[in-house]
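Below: one structure, written as structure tokens.
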Amino acid sequence: MEFNKHLVGGTTRRSLLKAGAALAVAPALMTLDEARAQSIVPKRGGTLTSLLTPEPVILMIGVNATGPTLVVASKMFQSLFTYTDTLDFKPVLARSWEISDDKRVYKFNLQKGVKFHDGTPMTSEDVAFSAMKFMRALSLRSRVVFEPIEKVETLDEHTAVFTLKEPLAAFMMGIGGTALPIVPKHLNDVADYRNNPNNAKPIGTGPFKFAEWSRGSFIRLTRHDEYWKPGQPYLDEIIYRIVPDSQSRALALQSGQVLLAGGSDIEPFDLPRFRQQPGLNVTTKGWEYYGPMSWIEMNKRVKPLDDVRVRRAMSMAIDRDFVVQKLWFGIGKPATGPFCATTRNYDPDVKMLPFDIAAANKLLDEAGYKADSRGLRFTIRHLSLPYGEVWTRLSEYFRAAMQKVGINVVVDSVDGGTHSARMGNWEFETSVSYIYQAGDANIGLEQYLSSANIKRVPFNNVGGYRNDRVDQILATTRTLTDLAERQKLLSELQRIVIEDMPYLFLTQMSFPTYYSSKLSNPIASGMGISDNFDDVFFT
């Protein structure tokens, strides 16, 4: 069988594996190799204190896939490879790999001398278990990524061979980074993965070990002294401070009580002043792989949200430029459709109907929802996203925007757990949400667009969107390796989706990361603050 090879230190640019261009939104950051070349010698020691918002429910990747969980757990768990800021592939637990010409067989040659935090050697058996049992049962993308794997053969302790039932165009985009954490089989091969007692003290191969979690206060990770990279990590520990109040978080960053913040930690309205703060660096790099997209989720089982004319009118009532400029202070871009520009097969020629209040009102009239004497057409309930003040403000803007077309919006505010539960149980009418596109539509978007993912599970197609042609396109592009034909079909999908408007697409997002100028290398890949931090150090 013929293979294409990827060697350590090299980067494949074969068309199948190449992903979209990275966001050019900040000056290039110095890599560890560049620092060494300039005689900046990494120093051992020190505690990195970071903010974390909101507090995660659990720290096991797979059991939970929310942003806060990924930020912390990515320091404890590692994958076979990760993604650069141009969405090429960088070896981690796999030192090299080979891909058959028919794109069905992936042979991963594993690093040697890798130990889990309990001292047990990591082997190909752990890789096979993680893919074929653990993540197949737990991953939100299991149907797309893990179920198509026919088998994982363990040729020896350091060789794992994945054989797919058929070619999978986006396979490498679906198993890197935080998508396939390698977990110890001896601790996780249990009947109930979600309620495994070992989840309380996660054990992986990463540079940092779980040490302590004081609920509502902090999470502490300590250095893994038997980490497989000699001399690394450089930090002694990482402490994630959980601070519910946004003003207190900003003060902690301003005063130097914390040295790193990202994601939803700092409200966008604080960005201008922190850009001016001495001793603090700000970058928007590090979100290239995730490609976050914000939208308004709609339960299309509920009247009048089941009417596409109502959904289109609601979309035209939203001023996305206002959302980007006034709520996010210029960070990100208005959405043009369901794909982010960093997602493969994004079509810039596909555009939604523009912001137009008059046209929105006319369409609602045509749909039969005439305004009463008070100017009211109907009332919907909206579930606010409890991830910080900017999300509350976004819900408030949504209510104000809908008022202009006669739609009354009643906002419900809940905590994170309640929000996830209600979304998963379909107990909502509209809600703010944001999702990660993971570089490819079949990886990041299929779970929200395919009718096969209409499940009572959060972060799926909980709104009940169903279009037979969309299902057909997704099924075809999943295995299609002809790039031109795949682009043609995914462009068609984008056009169909903006016609159906199952979600009110808002912004192509990017989050600032704030870090002390004494901290080197916190953003070194397309995974940003969800990378493993084994090469982060204080100067």
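In this text the structure is predicted, and so the values were computed from the model without any measurement. One is the number of the first residue; the rest follow in order along the sequence.
The backbone N or O of K185 sits nowhere less than 3.5 Å from a side-chain atom of D189 that would complete a donor-acceptor pair. Checking side-chain atoms of E55 against main-chain N and O of I242 turns up no donor-acceptor pair under 3.5 Å. Side chain of E98 to backbone of Y106: no donor-acceptor contact under 3.5 angstrom is found. In terms of modelled atom types and a separation under 3.5 Å, the side chain of T342 and the main chain of G291 share no donor-acceptor contact. With K285 contributing its side chain and T283 its backbone, the two residues share no donor-acceptor pair below 3.5 Å. Between the side chain of R95 and the backbone N or O of L110 there is at least one donor-acceptor pair closer than 3.5 Å. No donor-acceptor distance shorter than 3.5 angstrom exists from the side chain of D85 to the backbone of G286, with no hydrogens or angles considered. Under a 3.5 Å cut-off, the side chain of T343 and the backbone N or O of F339 do not form any donor-acceptor pair. A distance-only check finds no donor-acceptor pair linking the side chain of D531 to the backbone of M527 [under 3.5 Å]. Formation of a donor-acceptor pair under 3.5 Å by the N299 side chain with backbone atoms of F428 is found in this model.
For R469, the salt bridge (Lys or Arg N to Asp or Glu O under 4.0 Å) partners are E492, not counting sequence neighbours. Scored by the ring pair (Phe, Tyr, Trp, His ring centres under 6.0 Å) test, Y514 finds F274 as partners (sequence neighbours excluded). E212 meets the salt bridge (Lys or Arg N to Asp or Glu O under 4.0 Å) test with R220; sequence neighbours excluded. The salt bridge (Lys or Arg N to Asp or Glu O under 4.0 Å) test applied to R486 returns D440, not counting sequence neighbours. Take A128 and apply the side chain to side chain contact (heavy atoms under 4.5 Å, CB included) test, not counting sequence neighbours, and it matches V152, T154. Applying the salt bridge (Lys or Arg N to Asp or Glu O under 4.0 Å) test to E297 and every residue at least two apart in sequence or in another chain returns K300. Y448 meets the ring pair (Phe, Tyr, Trp, His ring centres under 6.0 Å) test with W295; sequence neighbours excluded. For H158, there are no ring pair (Phe, Tyr, Trp, His ring centres under 6.0 Å) partners two or more places apart in sequence or in a different chain.
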(request) Take T86 and T84 through the side-chain hydrogen bond (donor to acceptor under 3.5 Å, both in side chains) test and state the conclusion after the steps. (result) CA-CA 5 Å; T86 54; T84 69; 3.1 Å; yes
(request) Please step through side-chain contact (heavy atoms from CB on, under 4.5 Å) for the pair I238 and V536, ending with a clear verdict. (result) CA-CA 11 Å; I238 303 176; V536 174; over 6 Å; no
(request) Begin from the C-alpha positions of S74 and N532 and carry the test side-chain hydrogen bond (donor to acceptor under 3.5 Å, both in side chains) through to its verdict. (result) CA-CA 5 Å; S74 58; N532 64 39; over 6 Å; no
(request) Kindly indicate, with the supporting measurements, whether the criterion side-chain contact (heavy atoms from CB on, under 4.5 Å) is fulfilled by E153 and S124. (result) CA-CA 8 Å; E153 297 173 278; S124 57; over 6 Å; no
(request) Begin with the C-alpha distance, continue with both residues' side-chain angles, and end with the deciding distance and a verdict on side-chain contact (heavy atoms from CB on, under 4.5 Å) for M509 and W328. (result) CA-CA 9 Å; M509 299 176 65; W328 291 98; 3.7 Å; yes
(request) Could you go through the side-chain contact (heavy atoms from CB on, under 4.5 Å) check for I296 and V432 one step at a time? (result) CA-CA 5 Å; I296 300 293; V432 175; 3.7 Å; yes
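Nearest heavy atom pair, residue M135 against residue A179, reads CE-O, 3.4 Å. Closest approach of S420 and P458 over heavy atoms only: O-CB, 3.7 Å. The heavy-atom pair separating L221 from F210 by the smallest distance is CD2-CA, 3.9 Å. Heavy-atom minimum distance, Y503 versus L449: CE1-CD2, 4.0 Å. Of all non-hydrogen atoms in I443 and A438, the two that sit nearest each other are CG2-CB, 3.7 Å. In plain terms, the two heavy atoms of F77 and I203 that are nearest each other are CE2-O, 3.3 Å.
For K112 and E157, the salt-bridge test fails: no basic side-chain N is under 4.0 Å from an acidic carboxylate O. With respect to the salt-bridge test (charged N to carboxylate O, under 4.0 angstrom), the residues R223 and D225 qualify.
The distance from the CD atom of Q78 to the CG atom of L93 is 4.5 Å, given to the nearest 0.5 Å. Rounding to the nearest 0.5 Å places OG of S96 at 11.5 Å from CG of L80. Distance check: S491 OG to L493 CG gives 9.5 Å after rounding to the nearest 0.5 Å. Here the straight-line distance linking atom CG of N467 with atom CG of L474 works out to 9.5 Å at 0.5 Å rounding. Rounding to the nearest 0.5 Å places CD1 of I523 at 9.5 Å from CG of L519. Here CZ of R495 is found 9.5 Å from CG of D349. Values are rounded to the nearest 0.5 Å.
Side chains of D156 and T159: a donor on one and an acceptor on the other come within 3.5 Å. In the model, T476 has no side-chain atom that pairs as donor or acceptor with a side-chain atom of Q472 under 3.5 Å. A side-chain N or O of D118 and one of H186 form a donor-acceptor pair less than 3.5 Å apart.
Residue pairs satisfying the ring-ring contact (aromatic ring centres under 6.0 Å, His included) criterion with at least one member in residues 116-146, sequence neighbours excluded, are listed as follows: H117-H224, F134-Y193. Applying the side-chain hydrogen bond (donor to acceptor under 3.5 Å, both in side chains) test to every pair with at least one member in residues 455-466, sequence neighbours left out, gives these pairs: Y465-D500. The salt bridge (charged side-chain N to carboxylate O under 4.0 Å, His left out) pairs that include a residue from residues 416-426 are D412-R422, where partners are two or more places apart or lie in different chains.
Between S130 and P181 the shortest side-chain heavy-atom distance does not fall below 4.5 Å. P233 has its side chain out of reach of F537: every pair of non-hydrogen atoms, C-beta onward, lies at least 4.5 Å apart. Side chains of R344 and Q487 form no contact here, defined as non-hydrogen atoms less than 4.5 Å apart. Residues T120 and K115 form no side-chain contact, since every pair of their non-hydrogen atoms from C-beta on lies 4.5 Å or further apart.
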Validation: residues 160-178 side-chain donor-acceptor distances under 3.5 Å, sequence neighbours left out:
| unit_1 | atom_1 | unit_2 | atom_2 | d |
| --- | --- | --- | --- | --- |
| K165 | NZ | E147 | O | 2.9 |
| T178 | OG1 | Y290 | OH | 3.4 |

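Centroid-to-centroid, the aromatic rings of F511 and W287 come within less than 6.0 Å. The distance between the ring centers of Y434 and W391 falls below 6.0 angstrom. For Y289 and Y83, the ring centers sit closer than 6.0 Å to each other.
A cation-pi contact links K75 to F533, judged by a cut-off of 6.0 Å to the six-membered ring centre and 45° from its axis.
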